[in-house]
Colleague: 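Would you mind keeping the following structure in view while I ask a few things?
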Protein chains: 2
Amino acid sequence: MPKNKKFKREHILEIASNVFKQKGYNGTSVDDILKVAGLSRSSLYDSFGDKHSLYVQSLEYYKNIDNEKLGILNTNEANGLKKIEKLFEAVLNHLAENPNDNGCLLVNAAAEMSKQCFKTNQVICNNKSETEKLLTEWLENAQKNKEISLKKPVKQYSHFLYNTLCGLRVMSQSGADKKELKSIVDLTLSALN
Amino acid sequence: MPKNKKFKREHILEIASNVFKQKGYNGTSVDDILKVAGLSRSSLYDSFGDKHSLYVQSLEYYKNIDNEKLGILNTNEANGLKKIEKLFEAVLNHLAENPNDNGCLLVNAAAEMSKQCFKTNQVICNNKSETEKLLTEWLENAQKNKEISLKKPVKQYSHFLYNTLCGLRVMSQSGADKKELKSIVDLTLSALN
DNA sequence: CTTCATTTGGAATGAATATTCCAAATTATT
DNA sequence: AATAATTTGGAATATTCATTCCAAATGAAG
């Protein structure tokens, strides 16, 4: 009976989160997204609600994709420290290989919207606690394997690592090159001993 | 002959940089600033040019104020490590005492505008290199005093410390409380040994 | 007090922008 | 092929916003 949708929800969210990442929430117009996504205004409004609702959905989509990547990382390697190293390596490579990608949607959202939009803040906080939870597991595993010997509570180190991750995204937009980012990661990881 | 200005340039830039910090560049209207600053549209345009020019001037003003504070810190204590500790303490206190202050204008600008505006990028890069220069001096002094024993080049540590500073501004907008931020700083400083 | 270079307030303009709306197009089913 | 549920394109609307402009206000100097 009904005509089928010509687009996939996730495909649009992928595009929207990309545009929002480049230009921020207030810097992107609905038209900007339509132009790239190639679907009609009415379809967009019908499927995603208004611009703000689309933004929140884009954040959630982006967060889930990010966490999926972490999940894949989690299954690949048995070794806790290795997982942590791989994560930083992946972030580093992404930042270095996509110099015009404008960092990370969630970091940008934290800077632009966190204090103005409760839902944005929620996604950001959820992402933080989910990532830190995984980091905590990996750290505990690494400690058990005697790969590292932590002098302070594991949770503290997970905050520390997450902080470094946030910093890297800002640094990559402040003129730091890959070599510099790499050296920051090296020092961060050496602090685990 | 001419009527004197009723406002001070720096006073307006103080207000403008504050509004831009809260709402971002695209999120603030010229009216938002006028309302808080209490001067007329024509005066603003006459003295500062258009909105974008005002934004860049606000960034520069903010950067200079920040660096002045660093300068004061620099004269207060003779001891390199103490200066570094005081800097982190000051940042920590500011973030904790101003939970609605939306972090740091320069970090927010890096996230929102760095890739879209060359001048914004310049101010951000200048701030980075100026701060890192000071950090390098302090680190060298601390090393000379045998307060710390660095295993890698000093410059690497200055990048690392600056990265932590950037991270803290993002973390404070991602649900981290003062205790958590403090623990990140503690781990960062302990990495200097 | 008068003059006049300059600032000021706020109305006016024009361009973007978010959102709504409906006639036309589409396609799975009959 | 005809039907009908649903999507689609794009015009229409209303709002916000940056910027311009000029008459009125200001106050230092003569």
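The sequence lines fix the lettering, A, B, ..., with proteins before strands; numbering per chain opens at 1.
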Colleague: For the side chain of A/Gln116 and the backbone of B/Gln22, is there at least one donor-acceptor N/O pair under 3.5 Å apart?
Modeller: yes
Colleague: Could you state the CG-P distance from A/Asp50 to C/dA18, rounded to the nearest angstrom?
Modeller: 10 Å
Colleague: How long is the line joining CG of B/Asp46 and P of D/dA25, in whole Å?
Modeller: 20 Å
Colleague: Does any pair with a residue in residues 126-165 of chain A pass ring-ring contact (aromatic ring centres under 6.0 Å, His included), and if so which ones, sequence neighbours excluded?
Modeller: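 Every candidate ring-ring contact (aromatic ring centres under 6.0 Å, His included) pair involving residues 126-165 of chain A fails, so no pair, neighbours aside, qualifies.
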Colleague: Is the backbone of A/Asn26 close enough, under 3.5 Å, to the side chain of B/Asn26 for a donor and an acceptor to pair up by distance?
Modeller: no
Colleague: Scan residues 17-36 of chain A against DNA chain C and write down, sorted by residue number, each residue with any heavy atom closer than 4.0 Å; if none is found, say none.
Modeller: A/Thr28, A/Ser29, A/Val30
Colleague: Under 4.0 Å between a side-chain N/O of A/Ser43 and OP1 or OP2 of D/dT8, yes or no?
Modeller: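 True: A/Ser43 side-chain N/O within range (under 4.0 Å) of D/dT8 OP1/OP2.
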Colleague: What is the distance, rounded to the nearest whole Å, between atom CD1 of B/Ile12 and atom C1' of C/dT8?
Modeller: 13 Å
Colleague: Testing the basics here: between B/Glu60 and B/Val123, what is the closest heavy-atom pair and its distance to 0.1 Å?
Modeller: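 That closest heavy-atom pairing would be CG-CG2, 3.8 Å.
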Colleague: Return whichever of A/Tyr45 or B/Leu44 has its heavy-atom-nearest nucleotide of DNA chain C closer to the 5' end.
Modeller: B/Leu44
Colleague: At 10 degrees resolution, what angle do the end axes of the helix from C/dC1-D/dG30 to C/dT30-D/dA1 form when each is taken over five base pairs?
Modeller: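 Inter-axis angle at the ends, rounded: 0°.
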Colleague: Quick one: does B/Leu161's side chain get under 4.5 Å of B/Leu192's, heavy atoms only?
Modeller: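 The answer is yes, as the side chains (C-beta and beyond) meet within the 4.5 Å cut-off.
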Colleague: Using ring pair (Phe, Tyr, Trp, His ring centres under 6.0 Å) as the criterion, list what pairs up with B/Tyr55, not counting sequence neighbours.
Modeller: B/Phe20, B/Tyr25
Colleague: Can you check salt bridge (charged side-chain N to carboxylate O under 4.0 Å, His left out) on A/Glu137 and A/Lys83, steps first, answer last?
Modeller: CA-CA 10 Å; A/Glu137 285 173 21; A/Lys83 284 174 189 167; over 6 Å; no
Colleague: For the pair made of CG in A/Leu39 and P in D/dT8, what is the distance, rounded to whole Å?
Modeller: 7 Å
Colleague: Indicate whether any N or O donor in one side chain lies under 3.5 Å from an N or O acceptor in the other, for B/Thr136 and B/Glu140.
Modeller: no
Colleague: Between A/Tyr61 and A/Glu14, does any side-chain donor sit less than 3.5 Å from a side-chain acceptor?
Modeller: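 Yes, side-chain donor-acceptor contact under 3.5 Å.
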Colleague: In residues 114-123 of chain A, what residues come within less than 4.0 Å of DNA chain C, judged by heavy atoms?
Modeller: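 Those residues whose heavy atoms fall under 4.0 Å from DNA chain C, taken from residues 114-123 of chain A, amount to none.
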Colleague: Grab the NE2-P distance between B/His52 and D/dC17 for me, whole Å please.
Modeller: 18 Å
Colleague: Give a yes-or-no answer on whether the side chains of A/Lys115 and A/Asn121 include a donor-acceptor pair shorter than 3.5 Å.
Modeller: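 There is no such pair between these side chains.
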Colleague: Using atom CG of B/Leu54 as one end and atom C1' of D/dA18 as the other, report the distance to the nearest whole Å.
Modeller: 12 Å
Colleague: Distances under 3.5 Å only, N/O to N/O: pair up the protein atoms with those of nucleotides 10-12 of chain D.
Modeller:
residue: D/dG10; atom: O6; partner: A/Ser42; partner atom: OG; Å: 3.3

Colleague: What is the minimum heavy-atom distance between A/Arg169 and A/Cys104, and which atoms define it?
Modeller: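 Shortest heavy-atom contact: CG-CB, 3.4 Å.
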Colleague: Please step through salt bridge (charged side-chain N to carboxylate O under 4.0 Å, His left out) for the pair A/Asp31 and A/Lys35, ending with a clear verdict.
Modeller: CA-CA 6 Å; A/Asp31 274 32; A/Lys35 218 174 289 174; over 6 Å; no
Colleague: Around B/His52, counting heavy atoms of other residues, nucleotides and ligands shown, do more than 12 lie under 6.0 Å from its NE2?
Modeller: yes
